[in-house]
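The structure appears below as structure tokens.
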Amino acid sequence: MQKQQLRAIAQDRPPVVLLHGFDSSSLEFRRLYPLLEPHTETYAVDLVGWGFTDYEPFAANPELTISPQQKREHLFAFWQQHIQRPMVLVGSSLGGAIALDFALEYPQAVAKLVLVDAQGFIEGIGPMASLPRPLAAAGVWVLRTEQLRMAANRMAYHDQAFATPDAMRVGRLHTHLAGWSDANIAFMRSGGYRISTRIPQVDGPQGFGVKGNMRCEVVKARPSDANIAFTRSGGYRISTRIPQVQQPALVLWGRQDQILEPKYAAMFEEALPNATLQWIEECGHCAHLEQPAITAASILAFIDGTDAPQQQQQQQVAATAAGVAAAVTVQ
């Protein structure tokens, strides 16, 4: 298709906002973002306390927590400043719980939801929320290690060719920022997301987002403050709220997911009043990394109101993927 035609199509579609999972970053969408952005306005957002956001407040005050409400308000501020119209929220893993939580609180900002191997039926983080700070800090330190990250890397992919040391390094790049540990502990102390009983009610601070060049913001702070603050917030509890969500939702699930069991896909399909389940074959926990072309085509088809990727979306994404591949090799 001609560039002018693609621009016209992009203007007719709602903007897409990509939400990463627990202790991840916008780099999680390094393969999906380039396939969506030419076809619709697309953002990959680093959620406060994670990714490449400002950890300095947690360095200044180790007693801070990062609750789901604060992450929700941070995202809403980003929406107010940069979008200001209904968007399609795409949430991966815990990012799915964050998307559901946001849609329940700010239905005017969300047109549709895409849940990619999403968390929603696992409540909070259990007894970790009440760990003494030294024990929580020790647990977060383990979270940063190459050994644990590489093990998680292997679990995330069905095709082990993707589970490379480079993929592991990209996944833990943000953990080298000062204040990272304290931010994660701050979230753990919140108890996590608990929304499963609310999923049916959704109707059709400075943001740190990335658009175009996938910009990152890095600041100086103490190494562990921000993650400790997040641990203290207790995390997300949303499973009881899932049936309250009314927006159309596309549930994408890797058939070979070894991190979240496939049964959760069926649970989302049953609990959400307006959901469509699509299985991604030959795929583990991260369809946006392992099967980005299929994921992009599915998202565009869902936005356009079709049940499955149609030839037009597949051709658009294929052409974009060919251009990206010719320009750069993505790790």
Side-chain angles (χ1 to χ4, degrees), residues 16 18-39 42 44-47 50-52 90-96 114-119 142-176 210 214 216 250-262 264-265 277-300 309 313-314 316-331:
V16 171
L18 307 172
L19 302 179
H20 59 75
F22 174 75
D23 186 35
S24 186
S25 77
S26 56
L27 296 180
E28 183 177 316
F29 298 105
R30 59 193 180 275
R31 295 186 184 127
L32 180 62
Y33 179 92
L35 301 182
L36 290 175
E37 198 273 339
H39 307 291
T42 304
V45 177
D46 280 327
L47 296 163
W50 283 330
F52 300 92
V90 179
S92 165
S93 197
L94 185 61
V114 179
L115 306 177
V116 183
D117 292 80
Q119 180 175 326
V142 173
L143 185 63
R144 176 190 279 144
T145 63
E146 291 189 2
Q147 293 86 346
L148 187 144
R149 293 274 172 168
M150 197 64 198
N153 197 26
R154 295 190 185 99
M155 289 182 64
Y157 292 110
H158 170 62
D159 183 350
Q160 291 298 293
F162 288 98
T164 64
D166 279 348
M168 179 272 294
R169 294 184 188 105
V170 171
R172 70 189 292 265
L173 184 62
H174 63 285
T175 72
H176 296 290
V210 291
M214 298 192 77
C216 299
L250 174 63
V251 180
L252 295 177
W253 215 273
R255 183 76 74 176
Q256 289 78 29
D257 189 343
Q258 296 185 52
I259 293 178
L260 290 177
E261 298 178 46
Y264 293 117
L277 171 60
Q278 180 182 333
W279 294 98
I280 307 295
E281 303 296 339
E282 302 299 318
C283 184
H285 186 62
C286 302
H288 47 299
L289 285 167
E290 193 165 4
Q291 298 285 1
I294 294 174
T295 302
S298 298
I299 291 171
L300 293 174
Q313 284 90 8
Q314 291 173 335
Q316 292 175 16
V317 171
T320 302
V324 171
V328 62
T329 299
V330 182
Q331 297 297 329

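- In this structure, the side chains of Ser25 and Leu173 stay at 4.5 Å or more apart for every pair of heavy atoms.
- Taken to the nearest 0.5 Å, the OG1 atom of Thr175 stands 7.0 Å off from the CG atom of Asp23.
- Counting heavy atoms from C-beta on, the side chains of His174 and Trp50 never come closer than 4.5 Å.
- Side-chain atoms of Gln160 come within 3.5 Å of backbone N or O of Arg154 as a donor-acceptor pair.
- The distance from the NE2 atom of His158 to the SG atom of Cys286 is 14.0 Å, given to the nearest 0.5 Å.
- Taking CZ of Arg172 as the reference point, atom CD of Glu146 lies at 4.5 Å (rounded to 0.5 Å).
- The OG1 atom of Thr164 sits 6.5 Å away from the CE atom of Met150 when rounded to the nearest 0.5 Å.
- A 4.5 Å side-chain heavy-atom check between His285 and Leu260 finds at least one atom pair inside the cut-off.
- Taking all atoms of both residues into account, the shortest heavy-atom contact from Phe29 to Leu19 is CZ-O, 3.4 Å.
- Here the closest non-hydrogen pair linking Gly91 and Ala118 is O-CB, 4.5 Å.
- Put simply, the side chain of Arg30 reaches to within 4.5 Å of the side chain of Leu289, judged on heavy atoms.
- Counting heavy atoms from C-beta outward, Val16 and Val114 have side chains that stay 4.5 Å or more apart.
- Between the side chain of Thr42 and the backbone N or O of Tyr33 there is no donor-acceptor pair closer than 3.5 Å.
- Put simply, the side chain of Asp46 reaches to within 4.5 Å of the side chain of His20, judged on heavy atoms.
- Closest approach of Ala287 and Val116 over heavy atoms only: CB-CG1, 4.0 Å.
- If you take CG on Asp159 and SG on Cys283, they are separated by 10.0 Å, rounding to the nearest 0.5 Å.
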Margin query: Thr295 vs Val90, test: side-chain contact (heavy atoms from CB on, under 4.5 Å). Steps then yes/no.
Written below: CA-CA 11 Å; Thr295 302; Val90 179; over 6 Å; no
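- Side-chain contact between Ile280 and Glu290 is absent, with no heavy atoms from C-beta onward closer than 4.5 Å.
- Scanning both residues, Glu281 and Gln291, for their nearest heavy atoms gives O-NE2, 3.5 Å.
- Side-chain contact check for Asp117 versus Ile259: every heavy-atom pair is 4.5 Å or farther apart.
- The minimum heavy-atom distance between Leu252 and Ser298, with the atom names listed, is CD2-CB, 4.1 Å.
- Distance alone, capped at 3.5 Å, places no donor-acceptor pair between the Gln119 side chain and the Ser93 backbone.
- Closest non-hydrogen pair, Trp253 versus Pro262, comes out as NE1-CA, 3.8 Å.
- With rounding to the nearest 0.5 Å, the separation of CZ in Arg169 from CG in Leu27 is 15.0 Å.
- Formation of a donor-acceptor pair under 3.5 Å by the Gln278 side chain with backbone atoms of Leu250 is not found in this model.
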